[in-house]
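Report on the structure given below.
All values derive from a computational prediction rather than experimental measurement. Letters A, B, ... are given to chains in the order of the sequence lines, protein chains preceding strands, and every chain is numbered from 1.
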Protein chains: 2
Amino acid sequence: MPTVSTEDYLKQIRKLQEGAARVSTSALAASLGIADASVTAMLKKLAGQGLVSYQPYQGVTLTEKGEAFALRTLRRHRLWELFLVRHLGFSWDRIHEEAERLEHATSEALEAALDRALGFPRLDPHGDPIPSHDGRIEECTGAALTALPTGALARVRRVADGDPELLRHAGRLGVVPEASLEVRERFGFDGSLRVRVGGRDRFLSAEVARHVFVDLLEARDG
Amino acid sequence: MPTVSTEDYLKQIRKLQEGAARVSTSALAASLGIADASVTAMLKKLAGQGLVSYQPYQGVTLTEKGEAFALRTLRRHRLWELFLVRHLGFSWDRIHEEAERLEHATSEALEAALDRALGFPRLDPHGDPIPSHDGRIEECTGAALTALPTGALARVRRVADGDPELLRHAGRLGVVPEASLEVRERFGFDGSLRVRVGGRDRFLSAEVARHVFVDLLEARDG
DNA sequence: GCATCGTTTTAGCCTTGGCTAAAAATATCT
DNA sequence: AGATATTTTTAGCCAAGGCTAAAACGATGC
C-alpha cells in the first residue's frame with residue numbers, strides 16, 4: 001500500500017503533467033512545498049517501486065501503475081469533497097483541506113460506500129470530474145470565462161479549485177457550477193468583467209475570471 | 001498536534017487504565033502489537049510532552065492533558081462508527097477498522113459536522129458512550145448477560161466491540177443494542193444460554209454472552 | 001540474604017521522509 | 001566556444017517510530 005507521501009507525490013505529478021510531458025524536480029518540489037533535494041530522493045524511491053519513470057536531470061513521468069494510484073487518490077479526494085458538501089453541510093471553500101486528509105484514510109469499501117451514497121456522481125462541487133473506479137477521467141471541457149465576448153450567455157461548468165478566499169468570493173457572487181451568466185461588459189485595461197448572474201450585475205476581477213470555466217450557450221455580440 | 005502514533009498510544013493507555021491504576025509497559029506493548037523496548041522509548045517522549053506521567057519500571061498514567069486527547073480520539077472514533085452505520089450503510093462488524101483510520105484524519109470542524117449530522121448522539125452502534133466535546137464520558141452501566149438468572153427480561157445495552165466475527169454473529173441473532181430478550185435456559189456446564197430475542201429462541205455461547213451487557217427489566221424466576 | 005526469574009530499560013540499528021550546503025550537470029548568453 | 005547562470009543531484013544530517021539483543025531492575029523462593 002502506498003504511504004501518504006507517495007499518494008501526495010503521485011497526485012501532484014499527475015496534476016503538473018497536464019500540459020507538460022515531463023515534470024521537473026523543481027516544479028514538483030515547489031508545488032509540494034518540499035526541498036528539491038528531498039524530492040530527488042523520493043523520486044528515486046518511487047521509480048524503484050515502478051510508480052514513476054525517472055531519468056536524472058530529465059524529470060519524471062507517471063507509469064501506468066503510478067497513474068492508477070494517482071487517479072484513485074484523486075477519486076477519493078473528489079468523492080469526499082462532494083460528500084462534505086452534500087451530507088455534512090460544508091461550504092465549498094473548506095472542503096479541500098478536509099478531503100486532503102480523508103483521501104488517505106479511505107479504504108476500497110469506504111470509497112464504494114461514498115460513491116453509492118452520492119448516487120455515483122461525475123462531478124465534484126467545483127465542477128471537476130471524478131475519476132471512475134476503473135481509472136477513467138473525463139476531460140475538463142469548457143472555455144475560460146476570460147475568453148468570452150461581451151454579450152455571451154454561458155453556463156458555469158467549473159471553478160478551479162485552489163484559493164479558499166477566491167472560492168468563498170465566487171460563491172457569494174453566485175458564480176458556481178450550473179449557474180447561468182451573461183457577459184455584460186469587459187474592461188480591457190485589467191481584464192475584469194461585469195456579468196449578469198442570479199439576477200444581479202456582478203464585477204469579476206480578471207483573477208477570478210481566470211479560474212471560471214464555462215460552456216457557451218449563445219454568443220450574441222453587444 | 002499529536003501524531004497518529006501518539007493518538008493510538010493515548011487511546012490504548014486509557015483503555016487499559018480502566019480497572020488498573022497504572023498501565024505496565026508490557027501490557028501496553030502487547031495490546032498495541034509493538035515491542036516493549038519501542039514502547040519504553042515512546043513513553044519517554046509522551047512524558048516529555050506532558051501527556052503521560054511515567055516512572056521507569058512503574059508504568060504510566062495519563063495526565064489530564066493526555067486524557068483529554070485520548071477522549072477526543074475516542075469521540076471521533078465513535079462518531080465515525082455511528083456515521084458509517086447510519087449514513088453509509090456499513091454493518092457494525094466492519095466499522096471499527098474504518099473508524100480506526102478516519103479518527104486520525106478528523107478536524108475539529110469535521111467532528112462537529114458529524115456530531116450535528118447524527119443529532120448529537122450519546123451512544124455508538126455497539127452501545128458504547130460517545131465522549132462529549134468537552135471530554136465527559138458516561139459510565140458503561142449494564143450487567144453482564146452471563147450474570148442474569150433464568151427467566152429474566154432485559155434490554156441489550158451494549159455489545160463489547162472487538163472481534164468482527166462475534167459482532168456479525170450477534171447481529172444475525174438479533175442481539176443488538178435496544179433489543180429485548182428473555183433468558184430461557186442456562187447451561188451450567190459451559191455457561192451458554194438459550195434466550196428469546198426477536199420472537200425466536202437463540203443459543204448464545206458463553207463467549208458471546210460475556211460480551212453482551214444488558215439492563216435488567218424484570219427478574220422473574222423460572 | 002542471596003539466587004533466580006520475569007519485566008523493563010538501554011544500546012545500537014533500521015526505514016521513511018524531511019533538511020542544508022556543496023558539487024555536478026545542463027542551459028544560456030555573448 | 002567559453003563563461004556564467006540555473007537546475008539537479010550528492011553528501012551528510014535530523015526526528016519519528018519501529019526492531020533485536022543485552023543489561024539492569026524488582027520480585028520471589030528458599
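Among the atoms of the strands shown, base atoms are found under 4.0 Å from some heavy atom of B/Thr40.
When the P atom of D/dT8 is taken as reference, atom CE of A/Met42 falls 18 Å away, rounded to whole Å. Here D/dG17 presents its C1' atom at 14 Å from CG of B/Leu28, a figure rounded to the nearest Å. Taking atom CD of residue B/Gln58 and atom C1' of nucleotide C/dT9, one finds them 13 Å apart after rounding to whole Å. In this structure, B/Lys44 atom NZ and D/dA16 atom P are separated by 14 Å, rounded to whole Å.
The 5' end of DNA chain C is approached more closely, in terms of each residue's nearest nucleotide, by A/Ala35 than by the other of A/Tyr57 and A/Ala35. Both A/Pro56 and B/Val39 lie near DNA chain C, and the one whose nearest nucleotide falls closer to the 5' end is B/Val39.
A close approach under 4.0 Å does occur between a side-chain nitrogen or oxygen of B/Tyr54 and OP1 or OP2 of C/dT9. For the pair A/Ser38 and C/dC19, the criterion of a side-chain N or O lying under 4.0 Å from OP1 or OP2 is met. Contact check, A/Ser26 against D/dT6: no side-chain N or O comes under 4.0 Å of OP1 or OP2. Look at B/Thr25 and you'll find a side-chain N or O under 4.0 angstrom from OP1 or OP2 of C/dT9. Distances shown here put a side-chain N or O of A/Thr3 below 4.0 Å from the OP1 or OP2 atom of C/dG17.
Side-chain atoms of A/Thr6 and A/Leu46, non-hydrogen and from C-beta on, do get closer than 4.5 Å to each other.
Across B/Asp8 and B/Leu32, no two heavy atoms sit closer than the pair O-CD2, 4.0 Å.
Under the 3.5 Å distance criterion, with hydrogens and angles disregarded, a donor-acceptor pair is assigned to the side chains of A/Arg157 and A/Thr141. Residues A/Glu165 and A/His169 bring no donor and acceptor atom of their side chains to less than 3.5 Å of each other.
When each of C/dT9, D/dG18, D/dT10 is scored by its nearest atom to the side-chain atoms of A/Ala37, the top-ranked nucleotide is D/dT10.
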